[in-house]
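The structure appears below as structure tokens.
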Amino acid sequence: MAMAAGIDGISFYSSQYFVDLRKLADARGVDPAKYAEGLGQLSMGVVPPDEDVITLGASAAAPLVSRYQADEFDIVMFATESGVDESKAGAIYIRHLLGLSRECRVVELKQACYSSTVGLQLALSYVRAHPNRKVLLVASDIARYGLGTPGEPTQGCGAVAMVVSMQPRVLVVDSPSGYYTEDVMDFWRPCYSNEAFVDGKFSAKLYLATLEHTWNAYVRKSGLKFEDHDRFCYHLPFSRMAEKAHARLAAGVGSIVNGANRSGEDPPGLSVDPRIADGLIYNRVTGNSYSASLYLGLTSLLDNSREDLGGKRIGFFSYGSGCSAEFYSGTVSTGYRSQLFVEEHHQHLQRRTELSVIDYEKMFQFRLPTDGGNYPTPNYRTGRFRFAGLVNHKRIYGEAEATAARVSPHVGINGAAAAISGQELRTHDR
Ligand code: COA
């Protein structure tokens with residue numbers, strides 16, 4: 001078998017809670033069709049106080065890494081723009097929670113929603129140079145724009161874990177990339193802010209303009225044409241964005257930069273090109289997961305395609321505000337289906353608990369105090385791992401069952417935090 005680098009396994013985890021966007025539309029006095037058709041979104045994942053990007057990422061990776069030996073990974077890469085520490089890499093917690101070898105490199109990567117793609121490209125280069133070794137790449141994010149803002153219905157959360165190797169049983173990444181970077185302010189989050197600042201319309205324009213730049217560079221380097229691709233996955237801030245991008249690419253990239261209006265496209269919701277439709281299914285119900293979202297799209301495509309995609313070429317467009325973008329492609333491995341977690345993913349989404357808009361708002365505003373005291377988090381439904389609380393400014397993580405049962409006596413309950421329980425979330429003004 002020819003040596004090829006690519007993705008050997010892929011799995012995702014979102015949160016256990018969601019808000020139905022029809023109810024959010026009602027609460028905000030907006031026509032529900034705006035969210036369902038204008039944005040293409042049905043619901044959004046919401047994280048409870050005892051989940052964060054570390055627990056999302058570790059829970060996404062756990063079923064996948066259990067198929068490998070703990071010492072097969074040379075690097076754990078963690079891609080996020082919702083990091084929990086300005087210094088320590090989230091990959092350290094994740095390596096620990098997963099029980100991987102300590103003889104391992106770790107790093108956290110940041111460039112908005114694009115960092116997972118630069119992580120993937122670096123991981124591919126690494127395994128090409130070390131063909132017997134593997135890289136675990138975890139992308140994990142919580143999209144927050146603020147209550148009542150235009151970005152609110154495009155919030156969400158999720159994590160995707162990928163094993164990168166030279167024996168890729170899911171996807172061979174075999175093309176040159178087209179990539180592009182420019183210094184612009186379409187979306188950013190200063191270190192002092194819990195919510196991002198965004199010029200949403202500008203970011204959508206840049207998304208389409210950088211699609212043109214990267215596509216042209218990709219075509220020039222690869223010699224491939226639009227027709228050489230069987231499926232396309234686009235970065236998914238909301239699913240209509242991918243539909244717009246794809247329509248422009250299909251119509252010829254020359255028209256992309258002329259604006260983001262809908263003229264010449266199908267009416268929303270009526271017809272989604274089958275080359276992208278399966279890739280949108282998960283995002284419509286989890287919402288944006290920033291760095292994870294393109295790869296959630298790949299997971300959705302592979303999991304939900306009725307057609308066997310073995311041997312088919314997929315084009316990928318990654319966009320990260322600020323901004324940086326990349327277009328590349330890969331070929332699905334023969335027999336890839338045996339590597340997927342289709343049943344687990346479908347069950348995970350089906351078993352989520354719906355939140356009322358009021359309860360979602362409480363969760364959104366929840367903060368643990370940051371004065372260095374001992375604060376356990378209230379117990380909610382989580383994935384396999386749980387953020388158990390803060391002790392002397394240190395974050396405590398563990399297996400969900402163990403920490404939910406044990407943390408209170410160990411951490412020592414502070415009166416204020418102990419009062420936080422069940423639906424009675426205490427809110428902390430920022
Ligand atoms: N029925 C159907 N569609 C409707 C509608 C209705 N009743 N009301 C509005 N819409 C459509 C609009 O026509 C628009 O579609 P179009 O752009 O194809 O014309 C879409 O819904 C969004 O409405 P609009 O009023 O234009 O935008 P907004 O002010 O609500 O903001 C975003 C939308 C995406 C800019 C905002 O959610 C945001 O800032 N999100 C975060 C940033 C982001 O995701 N950027 C993307 C690139 S990374």
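Not measured: the values here are computed from a predicted model. All ligand and atom numbering here is 1-based and tracks the order in the structure.
Side-chain contact of Ser329 with Tyr218: a donor-acceptor pair under 3.5 Å is present, judged by distance alone.
Between Phe316 and Tyr295, the two ring planes are parallel [angle under 30°; tilted spans 30° to 60°].
The atoms of ligand 1 that sit less than 4.0 Å from any heavy atom of Phe238 are 34 (C), 44 (O), 46 (C). If you number the atoms of ligand 1 from 1 as listed, the ones under 4.0 Å from a heavy atom of Gly151 come out as 37 (O), 38 (C), 40 (N). Within the listing of ligand 1, atoms 42 (C) sit less than 4.0 angstrom from a heavy atom of Val198. Those atoms of ligand 1 that come under 4.0 Å of a heavy atom in Gly38, given as number and element, are 3 (N), 11 (C), 20 (C), 21 (O).
Annotation: Glu37 places no N or O atom under 3.5 Å from an N or O atom of ligand 1; distance criterion only. On a distance-only criterion, Tyr207 and ligand 1 share no N/O pair closer than 3.5 Å. The shortest N or O to N or O distance between Pro150 and ligand 1 is under 3.5 Å. Considering backbone and side-chain N/O atoms, Ser321 never comes within less than 3.5 Å of an N/O atom of ligand 1. Residue Arg240 places no N or O, backbone or side chain, under 3.5 Å from any N or O of ligand 1.
Only the side chain of Lys244 comes within 4.0 Å of ligand 1, counting heavy atoms alone; its backbone N, CA, C and O stay farther away. Contacts between Tyr145 and ligand 1, counted as non-hydrogen atom pairs separated by less than 4.0 Å, involve the side chain only.
Ion pairing between Asp85 and Arg395 fails under the 4.0 Å rule for side-chain N and carboxylate O. Residues Lys221 and Glu326 are not paired through a salt bridge, judged by the lack of any N-O separation under 4.0 Å between the basic side chain and the carboxylate.
The aromatic ring centroids of Phe187 and Tyr290 lie less than 6.0 Å from each other. If you look at Tyr93 and Phe387, their ring centroids are not closer than 6.0 Å.
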Working for side-chain contact (heavy atoms from CB on, under 4.5 Å), residues Ile314 and Cys233: CA-CA 7 Å; Ile314 307 175; Cys233 291; 4.0 Å; yes
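Judged by distance alone, with hydrogens and angles left aside, the side-chain atoms of Arg144 form a donor-acceptor pair with the main-chain N or O of Phe364 at under 3.5 Å.
The side-chain heavy atoms of Phe73 and Val163, taken from C-beta on, include a pair separated by under 4.5 Å.
The option from Asp199, Leu39, Thr154, Thr149 that lies nearest to atom 41 (C) of ligand 1, judged by heavy atoms, is Thr154. Across Ala25, Gly200, Ala196, heavy-atom proximity to atom 39 (O) of ligand 1 is greatest for Gly200.
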